[in-house]
Q: 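This is the structure, below, for whatever I ask next.
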Amino acid sequence: MSPLGSDVPPRLLVLGASGQVGDCLLARCRARGVPVLALSRTPAAATPGVTWLSGRLPDAMPTLPPLDAVLSAGPLDLFSRWLTTGPLPGHPRVVALSSMSAVTKAASAWPPERALAQRLQQAEQAVAAACERDGMPWTLLRPTLIYGLGRDQNISPLLRRARRWRLLPLPRAGGLRQPVHADDVAAAMLAAVPLAASHGRVLEIGGGERLSVRQLFERLRAAIPESVLPLPLPTAVTRCAARGASRFALAAKLARFEVDLVADNSEVERLLGIRPRPFVPSVPSD
């Protein structure tokens, strides 16, 4: 069976195919024998079952054939701007990634984070409006912190710096985190394609366990093969940082350790049958 629920190979387009979720989408499609069109600014080497297209959202896109589904794993604002230019060929099913930052950073003390949340919310609304206008069923997924292939901008840099410096901060903060593996996000995107029950929905997806910030950093330290010295950060440090969170990026990041950044997986589990894995970090290769 194809991701579209039939024995006929679907016509799939993956945007953001060179990113970590896009990489997992391609791997899952190859494993199922589903051919895909993959778009990237710099196409990868030829891969069985993958036809690479060179393009850039929103205004440097190639001519596309009729499509059954579009899976967008790239920036949502650029994707939404492309959708507003008119209906896609074939009026495909649309599944796109947003971010839990649309919710969790909406009340941040740091203006750039509030602006990010606003951009995400506006992009979500634009995707929904364009798809409704053009008769294209849509689903949006809001993942938490994505990790798994060593190409994220949060977990992997921390691990690299800790290995280099043999030192890792250990915040004593009360906020919760729920990192989600890139492959679990890809699985949810594919699962949403054939399911009418997921049409017109914005679904949250986080990892299979919620950890305090301290537990998350301890998990990172345990994953590093070298001996790494913990550098405890007292709770007072993160709480005092809140005083400067409206002006300084570092203060905003420290203050955020006291805030829960998690998702409710109940609808992803109920509708899509996806149960994300627990957080098991792997040390990226340099």
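Only a predicted model underlies this, so the values are computations on that prediction, with no experimental measurement involved. Positions are given from 1, in the same order as the sequence printed here. These numbers come from the heavy atoms of this one structure, side chains and all, not from hydrogens, waters or symmetry mates.
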Q: In the hydrophobic clustering (ILVMFWY, side-chain contacts below 4.5 Å, transitive), which residues join L167, or is it alone?
A: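 Under the 4.5 Å side-chain rule, L167 groups with W165, L229, L231.
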
Q: Could you give the side-chain donor-acceptor pairs of residues 130-149 under 3.5 Å, partners two or more places apart or in another chain?
A:
{"from": "E132", "atom 1": "OE2", "to": "W138", "atom 2": "NE1", "distance (Å)": "2.9"}
{"from": "R133", "atom 1": "NH2", "to": "L83", "atom 2": "O", "distance (Å)": "3.1"}
{"from": "T139", "atom 1": "OG1", "to": "R93", "atom 2": "NH1", "distance (Å)": "3.2"}
{"from": "T139", "atom 1": "OG1", "to": "R93", "atom 2": "NH2", "distance (Å)": "2.7"}
{"from": "T139", "atom 1": "OG1", "to": "S198", "atom 2": "O", "distance (Å)": "2.6"}
{"from": "T139", "atom 1": "OG1", "to": "S198", "atom 2": "OG", "distance (Å)": "3.4"}
{"from": "R142", "atom 1": "NE", "to": "E124", "atom 2": "OE2", "distance (Å)": "2.8"}
{"from": "R142", "atom 1": "NH2", "to": "E124", "atom 2": "OE1", "distance (Å)": "2.6"}
{"from": "T144", "atom 1": "OG1", "to": "Q178", "atom 2": "O", "distance (Å)": "2.5"}
{"from": "Y147", "atom 1": "OH", "to": "P278", "atom 2": "O", "distance (Å)": "3.4"}
{"from": "Y147", "atom 1": "OH", "to": "V280", "atom 2": "N", "distance (Å)": "3.4"}

Q: Residues sharing L261's hydrophobic cluster, by side-chain heavy-atom contacts under 4.5 Å among ILVMFWY, directly or via others?
A: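 Members other than L261 - counting any ILVMFWY side chain reachable under 4.5 Å - are V259.
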
Q: So which atom in A173 and which in F257 form the shortest heavy-atom distance, rounded to 0.1 Å?
A: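 Minimum heavy-atom contact is CB-O, 3.3 Å.
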
Q: When you group the ILVMFWY residues by side-chain heavy-atom contacts below 4.5 Å and let the links chain together, are V36 and L97 in the same group?
A: yes

Q: Do other residues, nucleotides or ligands put more than 12 heavy atoms under 6.0 Å from the CD atom of E226?
A: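 Count over threshold, so yes.
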
Q: Would you be so kind as to tabulate the donor-acceptor pairs closer than 3.5 Å made by side chains of residues 47-56, with sequence neighbours excluded?
A:
{"from": "T47", "atom 1": "OG1", "to": "A45", "atom 2": "O", "distance (Å)": "3.1"}

Q: Would you please test D59 and R81 for salt bridge (Lys or Arg N to Asp or Glu O under 4.0 Å) and show each step?
A: CA-CA 9 Å; D59 53 5; R81 287 164 56 188; 5.6 Å; no

Q: Tracing side-chain links under 4.5 Å among I, L, V, M, F, W and Y, which residues wind up in one group with M100?
A: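 Same cluster as M100: V103.
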
Q: Which heavy atom in G206 sits nearest to a heavy atom in N265, and how many Å separate them?
A: N-OD1, 2.7 Å

Q: Kindly state each residue pair satisfying salt bridge (charged side-chain N to carboxylate O under 4.0 Å, His left out) with at least one member in residues 202-213, sequence neighbours excluded.
A: E209-R219

Q: Any ion pair linking R270 and E267 (charged N to carboxylate O, less than 4.0 Å)?
A: yes

